[in-house]
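Beneath this line is the structure, given in structure tokens, with notes to follow.
Keep in mind the model is a prediction, meaning the values are calculated, not measured.
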Amino acid sequence: MSVVDRAAAAAGVPTGFYTLVKREILRYVRRPKNTFIPPFITNVLYFSVFGVVLGSRVGEIIGVPYILFILPGLVVLGAVSNAFENASFSIFHGRWNEYIDETLTSPLSYTQMVWAYLLSSALRGVLVGTLIGVLGFFIIGGLYQPVPVEQPLYLVAFLLVITMLFSSLGIVGGLLAEDFDDLTMMNQFLLRPLVFFGAVFYSLEDLTPLLQDISLLNPMVYMVNGVRYGFLGVSEVDPQLSLGLLTGGTAVVAVLNVWLFKRGYGLTD
């Protein structure tokens, strides 16, 4: 028994719940070439093209170099994409190969099942977001200036909330999907457009008043600005309001997940 196993047992974590969480975490930890290497390479390209090449022309936004301005958005993009992808794939793959039946017939409650998928997927999002943040520390720190973390508690809080939110949405996506193409479409045609129009690469001040109002309907704006507040201490949206809205949304979708599991939506013929 490993140290983690003994700690979980000592803490009184239910064995079935811990086992499901552990299985889901090991599924992606054991495949780093699929989990961690792609976002690493992708974000090296983002930093190189958007930060180094275009950044020299853009100059500064809100008083910081452009490459530093886009770092929080790239962290959000990596974190939510991986949280969503992990949850949706786990649920859909379990449905496709019918091994999710073993989970459904276990003594776990539906709430425990949902939280096992949520926590394992959110952890993947946090790990990838942290990887991108560390990458930014080295690249930006080497080229421009040290990367600040002005509000660490807010940074941690936003990372946890946004990864939990998109893990919850990923479960819904995994239940709705009818084939693997549906998962790809959700990620490419729903998630990524929201991110790219979520003030990752630009400031809301650069938009017309009408577009600014429309942008506030995009939840990504609150996520990006929340993480940006954690790093830089500045935000174009009230961080407390953003955190409250995102936390409320996460709770609603998580409750929806449990309800869908209880109904057997997408899980039973």
Side-chain angles (χ1 to χ4, degrees), residues 23-47 49-50 70 73-101 103 113-114 116-132 135 159 162-201 217-221 223-224 249-250 253-254 256-257 260-261 264-269:
R23 185 193 74 180
E24 290 301 311
I25 292 175
L26 290 177
R27 185 180 60 79
Y28 57 79
V29 169
R30 289 174 173 172
R31 299 177 64 85
K33 65 180 182 180
N34 295 330
T35 305
F36 303 114
I37 294 180
F40 177 86
I41 295 175
T42 299
N43 281 276
V44 167
L45 296 175
Y46 276 137
F47 284 124
V49 175
F50 290 95
I70 68 173
L74 295 179
V75 170
V76 171
L77 173 58
V80 302
S81 296
N82 278 269
F84 181 89
E85 178 184 335
N86 193 82
S88 59
F89 180 83
S90 291
I91 296 295
F92 179 75
H93 194 259
R95 292 171 52 213
W96 185 270
N97 291 283
E98 299 182 352
Y99 63 81
I100 201 171
D101 294 344
T103 302
M113 295 177 196
V114 167
Y117 287 111
L118 288 183
L119 291 176
S120 56
S121 299
L123 177 61
R124 175 173 169 176
V126 170
L127 290 175
V128 171
T130 302
L131 172 65
I132 297 170
L135 181 63
L159 272 179
I162 65 177
T163 51
M164 287 296 293
L165 174 58
F166 274 84
S167 296
S168 300
L169 292 172
I171 290 178
V172 176
L175 293 173
L176 291 174
E178 297 182 358
D179 54 42
F180 285 100
D181 289 338
D182 289 342
L183 297 182
T184 301
M185 290 181 62
M186 291 177 192
N187 204 332
Q188 297 297 328
F189 298 105
L190 178 60
L191 177 59
R192 290 189 180 273
L194 287 176
V195 172
F196 279 95
F197 286 103
V200 173
F201 298 105
L217 298 176
N218 183 352
M220 290 295 178
V221 170
M223 299 179 195
V224 172
T250 301
V253 183
L256 174 63
N257 291 160
L260 291 174
F261 263 65
Y265 185 87
L267 297 170
T268 57
D269 295 333

Pairs involving residues 122-131, ordered by first then second residue, that meet side chain to side chain donor-acceptor pair (under 3.5 Å) (sequence neighbours left out): N82-R124, N86-R124
Interatomic distance, T35 atom OG1 to E85 atom CD [nearest 0.5 angstrom]: 8.0 Å
Shortest non-hydrogen contact between E178 and W96, atoms and distance: O-CZ3, 4.0 Å
Gap separating the CE atom of M220 from the CD1 atom of I162, nearest 0.5 angstrom: 8.0 Å
Chi angles and distances behind the side chain to side chain contact (heavy atoms under 4.5 Å, CB included) call for F47, T42: CA-CA 9 Å; F47 284 124; T42 299; over 6 Å; no
Side chain to side chain, L118 and N257, heavy atoms closer than 4.5 Å: yes
F36 to Y28 - nearest heavy-atom pair and separation: CE1-O, 4.4 Å
Whether Y46 and F201 hold their rings parallel, tilted or perpendicular, with breakpoints at 30° and 60°: tilted
Nearest-0.5 Å distance that lies between atom CG in N43 and atom CG in L77: 7.0 Å
Check: I100 main-chain N/O paired with R95 side-chain donor or acceptor under 3.5 Å: no
Without placing hydrogens or testing angles, list every side-chain donor-acceptor pair under 3.5 Å for residues 166-174, not counting sequence neighbours.
from : atom 1 : to   : atom 2 : distance (Å)
S167 : OG     : A122 : N      : 3.1
S167 : OG     : T163 : O      : 2.7
S168 : OG     : M164 : O      : 2.9

CZ on F84 to CZ on F89, rounded to 0.5 Å: 13.5 Å
R23 CZ: over 12 foreign heavy atoms closer than 6.0 Å: yes
Atom of R27, atom of S90 and distance for their closest heavy-atom approach: NH2-OG, 2.7 Å
Minimum heavy-atom distance M223-V76, with the two atoms named: O-CG2, 3.9 Å
Check: F92 and D182 side chains under 4.5 Å, non-hydrogen atoms: no
Flag, side chain of N97 to backbone of Y99, donor-acceptor distance under 3.5 Å: no
Nearest heavy-atom neighbours spanning L183 and S88: CD2-CB, 3.8 Å
Heavy-atom pair with the smallest gap, counting every atom of E24 and S120: CB-OG, 3.3 Å
Other residues, nucleotides, ligands: >12 heavy atoms within 6.0 Å of F40 CZ: no
